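Below you'll find the structure, written out as structure tokens, and then a few comments.
All chains are named by letter (A, B, ...) in the order of the sequence lines, taking the proteins before the strands, and each is independently numbered beginning at 1. Bear in mind the structure is a predicted one, so any value in this text is a computation, not a measurement.
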Protein chains: 2
Amino acid sequence: MSLCTPERRKLASRGQIAVVTSSIEPASAQGKQECRIMTEPAIEMTQAASGARRGRASGGGAARRAARTAVSIETARYIERNIPNLDVLNEEALAIIEANAETVLAEIGVSFVDNPDALARWRDAGAEVTGERVRIPRGLARQLCATAPANFTQHARNPARNVEIGGRSLVLAPVYGPPFVRDASGGRRYATMEDFRNFVKLGYMSKWLHHSGGTVCEPTDVAVNKRHLDMIQAHMLYSDKPFMGSVTEPVRAADSVEMAKILFGADFVDQNTVMTSLININSPLTFDSVMMGALEIYAKAGQACIISPFIVGGAMAPTTVAGTLTQVLAEVLAGVAYSQLVRPGAPVIFGAFVTSIDMNSGAPTFGTPEAALITYGAGQLARRLSLPYRSGGAFCGSKLPDAQAAYETANSLNMALLSGVNFMLHACGWLEGGLVSSYEKFVMDADQLGALHHMARGVDMSENGQAMDALREVGPGGHFLGCAHTQANFKDAFWRSDLLDYKPFETWDEDGARDTQALASVRVAKMLGDYQQPMLDPGISEALQTYIDQRKASEPDAFG
Amino acid sequence: MSLCTPERRKLASRGQIAVVTSSIEPASAQGKQECRIMTEPAIEMTQAASGARRGRASGGGAARRAARTAVSIETARYIERNIPNLDVLNEEALAIIEANAETVLAEIGVSFVDNPDALARWRDAGAEVTGERVRIPRGLARQLCATAPANFTQHARNPARNVEIGGRSLVLAPVYGPPFVRDASGGRRYATMEDFRNFVKLGYMSKWLHHSGGTVCEPTDVAVNKRHLDMIQAHMLYSDKPFMGSVTEPVRAADSVEMAKILFGADFVDQNTVMTSLININSPLTFDSVMMGALEIYAKAGQACIISPFIVGGAMAPTTVAGTLTQVLAEVLAGVAYSQLVRPGAPVIFGAFVTSIDMNSGAPTFGTPEAALITYGAGQLARRLSLPYRSGGAFCGSKLPDAQAAYETANSLNMALLSGVNFMLHACGWLEGGLVSSYEKFVMDADQLGALHHMARGVDMSENGQAMDALREVGPGGHFLGCAHTQANFKDAFWRSDLLDYKPFETWDEDGARDTQALASVRVAKMLGDYQQPMLDPGISEALQTYIDQRKASEPDAFG
């Protein structure tokens with residue numbers, strides 16, 4: 001039964017709601033649910049397109065790329081906010097933090113470790129270099145940042161999945177980095193390449209996820225010097241959403257660029273951004289040669305980097321919000337400025353991975369108010385620099401996808417939406433402080449991301465939105481379930497979870513009294529069972545495999 | 001081990017965090033945790049005071065009231081926000097909604113059912129009355145609302161627990177109304193008076209809860225016409241925090257006022273607000289005689305009422321945000337105006353209980369983005385009326401205190417903080433759409449309320465907050481754990497849950513791999529075990545019992 005049917009309309013009078021809800025069969029509700037989702041009009045869904053790539057696609061590549069995809073999977077368009085950001089800092093506070101960050105750069109400086117080329121670049125740009133310490137005169141870093149674009153397009157192999165990063169957009173990407181995975185039946189264990197492929201598939205199947213991410217888990221069963229090849233290949237084969245490149249060695253970044261050229265065509269990659277990769281700053285104030293080496297590769301190739309301090313407040317930054325913001329701004333200014341020294345105009349993102357510390361145990365804590373204040377403040381600082389902003393995520397410290405995980409995650413997701421984040425890594429699947437990629441939490445979080453999409457729409461003030469006709473039709477003591485305005489609007493009126501339980505107690509109890517994790521386990525199995533690989537030109541698949549085989553044969557396996 | 005100790009300071013170098021956290025014994029961590037909480041300086045804790053009541057206390061009542069409390073239980077002072085509200089409506093949208101609400105009042109009107117006195121009051125005030133329909137000329141309701149105070153003090157029998165309602169304050173009160181309770185060991189069952197007393201005790205023991213609430217559960221083992229006496233008595237005896245009066249019949253409101261006079265002294269109650277009670281509007285646009293009868297009693301006695309539409313969007317209001325806001329504003333304008341017709345200056349709160357509907361099943365849904373947008377907008381409308389605002393709560397539809405419950409609850413709690421709510425009913429313990437008061441969720445939610453307190457502090461921009469000394473001391477590549485600034489600030493630097501698990505995986509696993517519900521069960525038992533009743537003058541206790549006995553003897557039991 002559903003409001004779609006005339007019977008339901010007749011039944012759905014106010015007094016009968018409780019009775020009606022009790023009589024709904026789960027199977028029929030499920031069927032209607034899918035029907036409803038398919039007709040949801042206001043969230044712009046990007047069906048896998050069969051048309052040619054828009055814009056500057058070069059020659060036969062466009063047709064080839066279009067032919068790669070045939071199976072149609074529903075994905076929401078990236079979020080474009082129609083609500084304001086929450087600004088926790090006033091103008092005076094922002095000015096103080098910006099002045100303090102300049103003081104940090106000029107008087108304390110930053111270290112570029114094992115990187116003579118970087119020191120030479122800084123010296124040439126006018127910085128004072130002593131040993132590996134770089135002191136940047138007031139204003140220089142900010143001036144260098146001016147050539148970085150305020151927003152950019154990251155292209156996907158399916159052009160319908162392209163994302164805009166910057167402005168009022170919000171692009172959602174899954175968890176990054178965990179060495180472990182967990183599911184309800186198998187418990188916690190080291191991640192394998194099979195897990196990696198499963199998470200890519202889940203990401204591809206997730207309606208509210210715009211991006212396939214990067215290291216969705218760390219496949220520990222593949223040699224450490226070769227696993228990046230399998231990971232990039234998995235994103236290319238098992239999804240058609242945009243993805244991230246490897247950063248763990250400069251040579252692996254170079255492999256990522258080469259593989260992207262096979263997938264997109266070399267000319268296209270030269271002229272467009274097809275990867276956004278994660279460059280962490282070794283906070284406080286240290287830029288190591290591995291990360292900077294990867295940054296240099298990507299910047300030279302015109303590929304995007306997130307330049308992101310990794311802050312556990314109290315350990316890698318001061319205990320205070322304003323002090324941490326000062327350090328974050330100084331670090332990002334130096335990192336972004338450096339990217340522009342490598343290649344002016346290279347696309348970059350102002351990153352801030354922020355968590356706090358439990359001062360009793362030393363453990364990082366998530367979903368906390370101090371991290372939220374820093375995230376809100378960093379968003380303001382990023383906007384004043386006209387840079388896209390990366391922060392937030394489905395953060396939690398819990399070992400299980402339980403209430404703790406969900407409290408901490410919801411705190412973090414809401415904060416990320418309202419702080420103006422443009423690129424949210426870790427938007428689903430994060431568990432146990434980032435040590436674990438959780439199958440169940442992946443789909444639980446991915447479902448919650450739908451609420452962010454609806455929240456971001458803001459308030460419709462059109463005549464239909466004002467609903468004065470409905471108020472006049474119903475009047476005092478009536479109900480709105482059957483009125484014309486409701487009939488015209490109910491399909492898209494309210495966000496509806498595809499996972500959570502809305503059934504009456506009795507039905508839920510007869511159904512096995514399952515908690516959210518149990519429902520999520522079922523959903524994971526169904527999604528992986530329903531998965532169909534998006535089409536890809538077999539010539540490209542083969543060329544990727546040949547490249548990987550050659551690279552793997554060129555050096556012995558390394559572990560650890 | 002804790003950062004308090006010199007050993008910890010030495011151990012807590014950056015590379016050793018993981019090792020150190022693994023070696024912490026749960027028992028020792030627990031001891032340190034309590035130590036830390038007791039020294040937390042920046043949250044102003046209101047210890048049970050032994051001094052005299054400030055202000056206008058009358059005669060011997062002040063000394064008597066002070067003597068009532070001796071056991072010291074730590075309670076945070078109500079929240080005073082130092083962060084902005086999120087305003088989702090611009091000036092134009094607000095003006096449209098306000099104009100539409102006036103149109104609703106003038107052209108559609110509201111119904112005051114079975115209440116000839118109310119109709120007479122409205123006629124005298126200049127409204128057009130036809131049958132029970134009251135059409136209020138444009139501007140009249142808003143003009144009548146002007147005599148309602150922008151904020152007021154609700155007094156507690158312990159003056160240190162008084163709360164300010166309005167302005168930038170946020171007062172937190174527990175769940176209200178469920179006929180069922182649930183705990184992990186006993187499952188779901190009808191609530192009894194013993195459950196009621198337990199929830200009052202848990203509320204009294206909860207550090208972040210400022211208010212004892214009202215019908216924390218519905219004690220179904222006491223006659224429906226007498227249970228209000230036992231409920232009010234329980235709040236008076238088992239807590240010294242402020243509480244709510246009965247509203248289910250006007251005579252029960254009158255009993256509440258009489259009992260308050262016994263507790264506080266008649267003169268004090270005549271001159272001060274000692275109860276805030278919940279008056280629901282029967283949306284759409286209907287004011288029934290039971291609720292209005294209770295409102296009349298309280299308003300005449302100078303006691304506060306929350307005047308609150310009860311909205312399940314799509315059923316009791318239009319499906320759209322702007323349409324619902326129009327109806328909410330019209331209803332509150334009419335209700336508050338009526339309170340001021342009964343007694344100009346009577347303290348009232350602009351209420352908005354808002355949830356959305358699952359259009360597939362007809363079930364109310366919680367923590368949804370549409371309800372959030374309405375809650376943000378209603379806050380803006382309340383502030384433009386200069387009225388205190390009630391909304392939000394630990395809302396969820398889940399049957400269990402699981403991840404669904406926590407996602408939905410955290411969405412709702414964050415929204416309530418940022419929408420400028422001044423009085424949050426249902427701030428903890430709400431489960432299953434309000435059908436169930438959950439023991440475990442009560443303490444889980446109450447713990448999360450601590451995060452709201454810290455978030456509301458905003459950003460400290462003092463010299464200490466800027467932390468430039470710390471940045472200079474540590475420099476590139478160092479760590480902040482041992483620096484002077486951290487040592488001076490760590491105790492209060494970060495909010496710390498008293499419930500959630502921050503232990504390393506191995507310790508947690510050896511400890512039984514417990515989820516949040518299991519941890520909460522332990523905490524519930526400990527809190528009820530540790531509970532000590534706050535002292536009360538035995539003469540007052542006896543007088544309350546005598547009043548209750550007489551009232552119970554005056555009529556037969558009624559059930560149903």
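For the atom pair B:F505 CZ and A:E432 CD, the distance stands at 6.0 Å (nearest 0.5 Å). Taking CZ of B:F480 as the start and OG1 of A:T319 as the end, the distance is 9.5 Å to the nearest 0.5 Å. From B:N411, atom CG reaches atom CG of A:L452 across 8.0 Å, with rounding to the nearest 0.5 Å. Considering CD1 of B:I96 and CE of A:M461, their distance stands at 4.0 Å, rounded to 0.5 Å. The distance from atom OG1 of B:T320 to atom CG of A:D492, rounded to the nearest 0.5 Å, is 12.0 Å. Rounding to the nearest 0.5 Å gives a distance of 11.5 Å between CG of A:N360 and NZ of B:K491.
Contacts of B:F287 with chain A are absent, with no heavy-atom separation under 4.5 Å from either backbone or side chain. The contact between A:N85 and chain B is made entirely by backbone atoms, counting heavy-atom distances below 4.5 Å. Of the two parts of B:E107, only the side chain, counted from C-beta on, holds a non-hydrogen atom closer than 4.5 Å to a non-hydrogen atom of chain A. Of the two parts of A:Y376, only the side chain, counted from C-beta on, holds a non-hydrogen atom closer than 4.5 Å to a non-hydrogen atom of chain B. Interface residue B:V88: backbone and side-chain heavy atoms are both found under 4.5 Å from chain A. Using a 4.5 Å cut-off between heavy atoms, B:D447 does not touch chain A at all. Contacts of B:I83 with chain A are made by side-chain atoms alone, with heavy-atom separations under 4.5 Å and no backbone atom involved. When heavy atoms are compared at a cutoff of 4.5 Å, B:L89 approaches chain A solely by way of its side chain, counted from C-beta outward. The parts of B:P318 that come within reach of chain A are both its backbone and its side chain, each placing non-hydrogen atoms under 4.5 angstrom from that chain. Interface residue B:T409: only side-chain heavy atoms are found under 4.5 Å from chain A.
Heavy-atom pairs under 4.5 Å with chain B peak, among A:V104, A:V321, A:I108, at A:I108. The most heavy-atom pairs under 4.5 Å with chain A, out of B:E132, B:Q327, B:M468, come from B:M468. When B:G314, B:S356, B:P84, B:A451 are compared by the number of non-hydrogen pairs under 4.5 Å with chain A, B:G314 comes out ahead. Counting heavy-atom pairs under 4.5 Å between each of B:A330, B:G323, B:A403 and chain A puts B:A403 at the top. Between chain B and the residues A:H485, A:Q448, A:E408, A:Q517, the most heavy-atom pairs under 4.5 angstrom are made by A:Q448. When each of A:G313, A:A371, A:P369 is scored by its heavy-atom pairs under 4.5 Å with chain B, the top score falls to A:P369. If you tally non-hydrogen atom pairs under 4.5 Å between each of B:T365, B:L519, B:V110 and chain A, the highest count goes to B:T365. Counting heavy-atom pairs closer than 4.5 Å to chain A, the top-ranked of the candidates B:C483, B:G458, B:G433, B:A513 is B:G458. The most heavy-atom pairs under 4.5 Å with chain B, out of A:M444, A:R188, A:R133, come from A:R188. Contact count against chain A (heavy-atom pairs under 4.5 Å) is highest for B:A317 among B:G109, B:A467, B:A93, B:A317.
In this structure, A:S398 and B:L500 have side chains that are not in contact, with every pair of non-hydrogen atoms separated by 4.5 Å or more. The closest side-chain heavy-atom distance from A:F494 to B:I357 is below 4.5 Å. Taking 4.5 Å as the limit, some side-chain heavy atom of A:M455 sits within range of a side-chain heavy atom of B:L373. Counting only heavy atoms from C-beta outward, the side chains of A:H454 and B:T368 never approach each other to under 4.5 Å. Two residues are said to be in side-chain contact when any heavy atoms from C-beta on lie closer than 4.5 Å; B:V312 and A:H479 fail this criterion. A:K399 has its side chain out of reach of B:D509: every pair of non-hydrogen atoms, C-beta onward, lies at least 4.5 Å apart.
B:V474 approaches A:P284 most closely through the heavy-atom pair CG1-CG, 4.1 Å. A:A363 and B:Y502 make their closest contact through CB-O, 3.4 Å (heavy atoms, listed as atom of the first residue, atom of the second, distance). Of all heavy-atom pairs spanning A:A322 and B:G465, the tightest one is CB-O, 3.4 Å.
Here the side chain of A:T286 pairs a donor or acceptor atom with the backbone of B:G477 at under 3.5 angstrom. Using a distance-only test at 3.5 Å, with no hydrogens or angles considered, a donor-acceptor pair links the side chain of B:E370 to the main chain of A:W495.
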Please assess A:L400 against B:W508 for the test side-chain contact (heavy atoms from CB on, under 4.5 Å), listing each intermediate value before the final yes or no. CA-CA 11 Å; A:L400 296 171; B:W508 167 82; 3.7 Å; yes
Between A:L418 and B:N414, is a side-chain contact (heavy atoms from CB on, under 4.5 Å) present by the stated rule, with each step listed? CA-CA 11 Å; A:L418 300 183; B:N414 283 291; over 6 Å; no
Step-by-step side-chain contact (heavy atoms from CB on, under 4.5 Å) determination, B:R514 to A:D402: CA-CA 10 Å; B:R514 291 176 295 180; A:D402 61 356; over 6 Å; no
Stepwise side chain to side chain donor-acceptor pair (under 3.5 Å) test for B:D501 and A:Q404: CA-CA 8 Å; B:D501 182 88; A:Q404 172 175 353; 5.7 Å; no
